[in-house]
Structures are given as structure tokens and as C-alpha cells.
Amino acid sequence: MAMESKFEHNKVEAKIYSEWEKSGAFEPRGQNPYTILMPPPNANASLHAGHGMYTIDDILARFRRMQGYAVRWIPGRDHAGFETQFVYEKNLAKEGKSRLEYDRQTLYQNIAKFVEDNSGLIFEQFRRLGFSADWERAVFTLDPQVVDMVYQTFRRMVNEELVYRSDYLVNYCPHCGTSLAELEINHVERTDKLYYIKYGPLTVATVRPETMFGDSALSVHPKDKRYTSYVGSEVLLPLTTRKIPVIADSMVDMKFGTGVVKITPAHDPNDFEAGKRHKLPTIRVIDQLGRMTLPKDVMISEINGMKVKAAREKTVEELQKIGAVEKIDEHYLHAVTVCYKCGRDMEPMTVPNWYIRVEGLKSPVVTAIKKKKTRFYPQKFEKQILEWMKIMHDWPISRQVVWGIRIPAWYSTTENLDLGVTFLNKEGKPVSGKIGELLKTSTLTEIEAGLQTLSAPTMAKYVVSESKPAGDYLQETDTFDTWFSSGQWPLVTLKEDEYATRYPTDVMATMADILRMWVSRMMMFGLYVRGEVPFKNVYLWSTVTDAKGQKMSKSKGNVINPIDLVDKYGADAFRMALLFGNGEGGKVPLVEDKVRAMRNFANKIWNMARFYLLMQEGIKREKQGVSENIEDKKILKELGEVEKKMTSLLEKYRFAEAADTIYHFLWHTVADEYIEQVKKREDKGVALNGLRQVLLDSLKLLHPFMPFVTEAIWQEINPGEGMLIVAKWPEVR
RNA sequence: GGGUUCGUAGCUCAGUUGGUUAGAGCGCCACAUUGACAUUGUGGAGGUCAGAGGUUCGACUCCUCUCGGACCCACCA
């Protein structure tokens, strides 16, 4: 069958891919293991341009496979707790429903179904890109063995006293009744009133006077001479009978306002940190419904129970009565955080959370990196992760979301009467209160069946158990932070007998912006659980952007769907375009022109093969040994150099330069020079031999980058022979 | 404010131990082309490698400063 004059990717890609899968070409063969774990994409996600960079994994897998390694590239899916629940709730909202209508179990099952319905698509899309992973080995982060591992690790950490509970300041939306992650917060600029309030001799500027009842201190800058004499003294908190200390902290900006700051640890992120530093009490004055709950020392009792805004007005009014308002700046422009859903102000407040102590977990990571147990490419990332390990603080691992692995801690309802509980009663109506009170009107079984959320005081007693302990217990409703489970990815993806030979894995290639969130955690867990780093090499890439270097986002309308480009230009062109000319660690602009150029390249080599085959039809190839022709000698020498260079570049993770090398060799040396010279040769039989060797070897070198077109050409030249089974990476001496 | 990083052709970017005329893709100009390929070929225009200073026999490459971006973190009560 004669080759067509164009490489028609649409006609061959699907066929080639199914041949690969059927022939077991991705199965590990050979002795020496080589292992790559795929960073698990969100289970319900569909392919975006960034996933295209998994091409890096595929290049390594194919390269090492051709070199004779027993390659395993294990894929997976992440349940992506918060983000998935966020997407799910958006869908619910379209139907006019809210998560608050469901008990916890039902909600979980609904989300599970939602994820299942939307799952699977991304692996199909990965196949379109030619990825040669072990699909049947795919792991989902909610699979039983993952949950087991997470429980085991957690239990061990509890036993070793690495786990503690503490209040953590979260962004809470009283209207929506939930705490929100950074993802869900909008920052808006707004003009508000800035009140100057006299606390005895000192004046404080604030936009939130109503939170003053939760003040634990006033703070000034240590170098601020105006106030030095006040540091260490106490002032009376207006409208109360309480005295608070004046402290010095360098976080204070001397130039802002009066240079005196009120410290309200329960309702401000900065103050929360300052409160920790100075061991100040955390006094909550706003509850989760956004109403004031004042301590007894407050003299204006009407404010108790008021909503925040009303409380602010009332507070100012009362302050004015006693002459404590020095002035009001009506036009203070500042940034406020608002709920992405309802647009209302976020209320920072403290909620009990689970933490792990990281101090002891960090140092093995630092040591391992310094000893080069794990190497980073590009190297600058080593500096970044070491810097991060320095400043990393204790990690809050609990999230107030349903979709995730539920923390296996149980509270006795007879010993912890002050457990806060919200559940749907038999009529489906939400009921909130302390468990001690609720049990007077409802049974524990009813409460457990309708349970929505539970909030245990930080001092509550608990037991860790995978199943319900005997007696009256309720399980924690918080789930683990997604990174707590995905951080153990290298500990759950291999089979038990593989750990001896495949751990540490060879390479982890992922996006640079999760170096801290994910890579550092995997190293921590790997060293903690197995005493060894989880991977020997880390390769990091930056965000895939549009042609102008802008991040892709729906709001900008610059999102490129990779599959559209694959349809139009072929998977090979798409893959090659992501690598070609893009330096390591830099941004990866996805430019359609470049994809087209790479499609042209695929077509170019297709036609080089076509030229060879057409020439072969008329002439017999000489089955002779070494050619004496000077052009043959020259090209073979150059081929040898290219083979050496490609091998070395791929071993050093220099993909862009490798892509460039093979591109130029094929197009500008083989096609432009060697083939043109072959046309003029008298000894065509000999020339054909040289051309064949150059072509076949070049196909091998290009194959990791452009698997489909190289396979298609290979089969044209060697009918009935699968390239993946036959082709070996050229030996380099 | 802290940290990281970048500023090279019209655009997007390569240029890893400092060493002859600084490269690619796309775009542009001229010409060619009916026996691999117009998804082509040949040739060409286009850069004081952000600026200043320093180290060196020699700097796009190393150091310092200035100007101008990017990102991450912390963010003005």
C-alpha cells in the first residue's frame, strides 16, 4: 500500500493506540525496574492544557522502556475534596438546592455518584495524547487501600503525639454556614468607615469596632518612641470592666492610623498569629450564625445576640456616649474578603481543627535533600523547597467538608456533653445544639442518622478507631485535607511486593506550584512511614499559558482545549509543541502556530519515509556491510553523535534541547542535505541502505516525543512489525 | 515588606561548566518548484543580548547597582 502524501493523524492515532494496548506494549519487560507515579488529576476533571505536560512522564516511560527497563507508569485520580465539593454544590445550586438539605451520609453518596459519573473521561483523553501508562493499575485516592494507609499513618501519628487539636482561624461565611477555602474567597476593594477609638490614653484605628469585645491586648511597634512608656501597662477596654495589656510587636505599622493596634485573636488572621506569639487569650465574640456572643464583662448587654452590622452601629453609638470616639474617617479604602457565593463579608473566626506537628517531620526531608537522595530539576527548585521547609509551620489537616476521608476519631457522647451538633431530625429539619441537651429530646441513633456537622471543643476526649467503638459515640465530621491523603501517594500506589525494588520511585514530574503543597508532603510522609525518600528525582514545570504568557482562565476566555488541537494537528504535534523551544522551569506558552509547525514536522518525516519507499520500489537495496561512500560515513558519524547527545539530554531531563536536536537533525541534516545528496548518487543501492539506517534510528530517537507518527512510519517500512515491541534505543558508547 | 525569578530578532522563547560571524518556531521580503513533502525548497531583512559599572586576554553568560516585569508568601488594623 502506497503511502499518502500527507500524514493523516486522524486516520491512524486511534488504531495505533489500541494496537499498543492489545499487544501489551506498555507492560514492563526487562530486568531493571523504572517507576513513575503519575500526579493524580482530579477525578471529575476533564483535560486541560496543563495535563499536556504529563507528556514528560510519557517521554521518560518510552525512553526507558526502549532502553530495556521494566517500566511502570502508574496513573491515578484524586478525589480533590474541597474543590470537588465546590463544583458539586454549584451544580446543586443550579437545581435550586443546597447541601444543607442533606445529612452527611446522603450528601457524601451523592457526591460519590457525581464523581463516578464524571470520571473516566480524563483517562480517555490521556490515551488520545498517547500516554503509555498502566491504566489497569490506576489508583483512586478513596480506594480502600488508600484509606487504610491514611488511617494507619494517622493512628501512628496520634500514638506518637504528633497530632493535636487546636483552634484555627478560618474564613467563615455566616450566611452560607460554612468555612471557605482560599479558592472560594473574593477580595474586593471597598470604602468603609475607619473609627478612631480611645482606649484610655491610647487611640486605636479600626474598621471593626464590634470586635473590640474580643480584644486581648493593644500593640505598638517596639521602636515607636511615642508609646514606649505604655508597653507593659494595662488599659481599660471601653464598655467593659476588663483590663488588657499593652504589648510591643514589630508587626505593627507605625505609620498607619495612630500606630496602636487592637489585638483580636479570634477574629483576625494577623491578630490570631500575634495572639499565639504573645500567648494571649482568644475570645470569640461572634458565633457561626454571625451573631454577637459577648463575654460577661461587657456592660452593654443589648449587643449580645445582634448581627455584626447592627452590633457595629450600636457599639459606636455607645462609645460616642462615653466620648471614646475621637474621630471617624468616612472614606477609608481597603480590601475586604467576601464570600464567592453570596458576596457577603467573610467572618474570620476560630474553629477547632486537627493539626500535626511538623518540626520532627521536616528535618529528615532537609537532610535527604542535602544528601541528594532526591534531586530537583531544574535545580533552582531545591533552593525553594529547602526555604519552604524552614518556614513551614504546623499543618492543619482537617477540613469542614464532606467529600474526603473522614477523620477516624470518635467522641463519647456521655463524656463530652458539650459537643456541638447539627443534624436533620425525623422531619428533615435542621437542629443544632449541645449534645447533652439534644439527647433529652432525640435518640443518639436519630442524631447519628441525620448528622450534618459536629464541632468538638479542642479539649474533647476522643478515641481513634476505624470502626464505631462500643458505646455511645459520634464520629468526627471533619475530613482530612486532600494533601494529607495525596501526600501519601507514593505509599499507596505500588503493590506490597514492588516496594522492595521500585521504592524509591525514579521520578516525580509535576507542576512547580505544588512543590510546597504536595512534593514536600510526599517527602515527609515517605520518610516518616518508610524511612526513605519517595522518589530519586523531581522534575518541575511551570504553568501552561496562552500565547501571550497569560494564565488560562475561564474569565479571561483564553482557555485552550488540548483535544481541539489534537483533533486538528495530531497528538504528536501537540506534545512536541509543549516541549519545543521551552526552557526548563519557565512558562510554557501554548501557541497554535507552534503546534502547526510541529504538525508540519510530522508530515516532513512522513515524506522522508515516503521518499525512501518510493526509491526502494525501483532499486534493490544492497545487503552489503560498511559503505565506503563519504556522504554515508559523514551522516552515520553525525547520527552517532546525535544518539549520544539525545541519550545524555534525556537522562538530564533536558527535554527542550533534546526535541530541538532531533528536529534539526531530521529536517536540516537528513532531509535537506543527505536526501538531496542521495538523489544524485550513482550507487543508489548503497545509498538506500544508509538512508534506511538513518531513518530507523532517527525514528527511535524521536519516538518518545512523537509516538504516533514514528510508529506509523515504522510500520510502513517494516510491515507487520510493532515499533514498541521491536525498537531498542540506540546503544551509546 | 520577605523570597524566587526574568528582561536576547516584529511575536513567543532557546542559548548549563565565559571562548571564533548570538539561535529556533511563527511572521516578513525575494526567488524557485509538474518524479518525498506548498504542511515544500533556496536566499534574505531584522538584535549596541534592559541600562550603568566591575572582574577577565575575552562576558548574553560571573559580581554590584539602577530601571522594568512575573510569580509565590505575608498582607495595612
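Only heavy atoms go into these numbers, but all of them, side chains included; no hydrogens, no water, no symmetry mates. Each chain gets a letter, A, B and so on, in the order its sequence line appears, and its residues count up from 1. Computed from a prediction, not measured in an experiment: that's the story for all the values here.
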*asked:* Would you call the rings of A:Tyr663 and A:Phe601 parallel, tilted or perpendicular, taking 30° and 60° as the class edges?
replied: tilted

Measuring only the P atom in each nucleotide, how far is B:U48 from B:A77? A whole number of Å is fine. 47 Å

pair_partner(B:U5), Watson-Crick or wobble, both distances < 3.5 Å, evaluates to B:G69

Original post:
For the residue pair A:Tyr227 and A:Tyr230, does the interplanar ring angle fall in the parallel (under 30°), tilted (30 to 60°) or perpendicular (over 60°) class?
Top reply: tilted

When the C1' atoms of B:U66 and B:G10 are compared, how many Å lie between them, rounded to an integer?
28 Å

Which whole number of Å gives the distance between the P atom of B:G23 and that of B:G43? 15 Å

Taking a pair to mean Watson-Crick or G-U wobble geometry with both distances below 3.5 Å, B:U17 pairs with none

Quick note, A:Val261 side chain, CB onward, closest among B:A24, B:A36, B:A77 is B:A77

task: Classify the side chain of A:Glu676 versus the base of B:A36 as yes if they form a donor-acceptor pair under 3.5 Å and no if they do not.
output: yes

At under 4.0 Å, does any side-chain N or O of A:Lys383 touch on OP1 or OP2 of B:U5? yes

Side-chain contact check for A:Asn600: nearest option of B:U5, B:C37, B:U39 is B:U39

query: How far, in whole Å, is B:C57 from B:U40 if one measures between their P atoms?
result: 49 Å

Out of B:A24, B:C26, B:U16, minimum distance to the side chain of A:Phe580 belongs to B:A24

TODO: Assign A:Tyr612 to base, sugar-phosphate, or nothing according to its heavy-atom contacts below 4.0 angstrom with the strands shown.
DONE: nothing

Discussion item. Distance check, C1' atoms only: B:C6 and B:G51, in whole angstrom units.
Written reply: 16 Å

State whether the distance check finds a donor on one side and an acceptor on the other, under 3.5 Å, for side chain A:Lys679 versus base B:A36. yes

Scan A:Arg654 against the nucleic acid and name what it touches under 4.0 Å (heavy atoms): base, sugar-phosphate only, or nothing. base

Whole-Å distance, A:Arg596 CZ to B:U12 P, equals 17 Å

Of the candidates B:U12, B:U40, B:A36, the side chain of A:Leu614 sits closest to B:A36

Classify the angle between the aromatic ring planes of A:His664 and A:Phe580 as parallel (below 30°), tilted (30 to 60°) or perpendicular (above 60°).
parallel

Closest to the side chain of A:Val207, out of B:C37, B:U5, B:A77, is B:A77

### Task
Using the C1' atoms only, state how far B:C13 lies from B:U56, rounded to an integer number of Å.
30 Å

Per atom distances to the A:Arg599 side chain, the nearest of B:U12, B:A77, B:U39 is B:U39

### Query
Given B:A74, is OP1 or OP2 found less than 4.0 Å from the side-chain N or O atoms of A:Asn270?
no

Test side-chain contact (heavy atoms from CB on, under 4.5 Å) applied to A:Gln616 and A:Leu613, step by step = CA-CA 5 Å; A:Gln616 196 188 32; A:Leu613 288 171; 3.5 Å; yes

Rounded to whole Å, CG of A:Asp660 lies from P of B:G23 at a distance of 13 Å

Contact class for A:Ala656 (heavy atom, under 4.0 Å): base, sugar-phosphate, or nothing?
nothing

How far does the P atom of B:C49 sit from the matching atom of B:G53, given to the nearest Å? 13 Å

(Q) For a quick check of understanding: with a heavy-atom distance under 4.0 Å over all strands, which category does A:Lys390 fall into, base, sugar-phosphate or nothing? (A) nothing

In Watson-Crick or G-U wobble terms, with both distances under 3.5 Å, the base opposite B:G46 is none

* To do: Give one of base, sugar-phosphate or nothing for A:Val204, where a contact means two heavy atoms less than 4.0 Å apart.
  => nothing

Separation of B:A36 atom P from A:Met3 atom CE, nearest Å, is 13 Å

When both distances are under 3.5 Å in a Watson-Crick or G-U wobble arrangement, the nucleotide paired with B:A24 is B:U12

Checking B:G3, B:U4, B:A36 against the side chain of A:Glu387 (C-beta onward), the nearest is B:G3

- Task: Mind checking A:Asp593 for me? I need base, sugar-phosphate or nothing, with any heavy atom below 4.0 Å counting as a touch.
- Result: sugar-phosphate

Taken to the nearest whole Å, NE2/A:His668 to P/B:G43 is 11 Å

Note to self: Does B:U4 have its OP1 or OP2 closer than 4.0 Å to a side-chain nitrogen or oxygen of A:Trp388?
What the structure shows: no

Exercise. Do A:Asn582 and A:Trp541 have a side chain donor and acceptor closer than 3.5 Å?
Worked result: no

Review point. Do NZ/NE/NH1/NH2 and the carboxylate oxygens of A:Glu676 and A:Lys679 come within less than 4.0 Å?
Key: yes

When A:Met608 and A:Asn582 are each assigned the nearest nucleotide of RNA chain B, the 5'-most assignment goes to A:Asn582

Mate of B:U34 across any strand shown (Watson-Crick or G-U wobble, both atom pairs under 3.5 Å) is none

Rounded to whole Å, the CD1-P distance (A:Ile675 to B:A36) equals 10 Å

We want to know whether A:Thr203 and A:Lys327 form a side-chain donor-acceptor pair, criterion being a heavy-atom distance below 3.5 angstrom. no

From the candidates B:A36, B:U4, B:U12, the one with an atom nearest any side-chain atom of A:Gln384 is B:U4

### Query
So does A:Arg208 pair up with A:Glu210, basic N to acidic O under 4.0 Å?
yes

So, A:Glu592 and A:Lys568, do they make that salt bridge, N to O below 4.0 Å?
yes

Base, sugar-phosphate, or nothing: which does A:Asp513 touch, judged by heavy atoms less than 4.0 Å apart? nothing

Under 3.5 Å, is there any donor-acceptor pair linking the side chain of A:Lys604 to the base of B:C37? yes

Out of B:A77, B:C37, B:C73, minimum distance to the side chain of A:Thr206 belongs to B:A77

note: A:Asp249, atom CG; B:A74, atom P; distance rounded to Å ~ 17 Å

Quick note, A:Ala597 side chain, CB onward, closest among B:U4, B:G25, B:A36 is B:G25

To the nearest angstrom, the CZ-P distance between A:Phe381 and B:U5 comes to 10 Å

When rounded to whole Å, the CZ to C1' distance for the pair A:Phe665 and B:G23 reads 19 Å

Paired to B:U64 by Watson-Crick or G-U wobble criteria (both distances under 3.5 Å) is B:A52

ask   = Using atom P of each nucleotide, how far apart are B:U4 and B:C65 to the nearest Å?
value = 13 Å

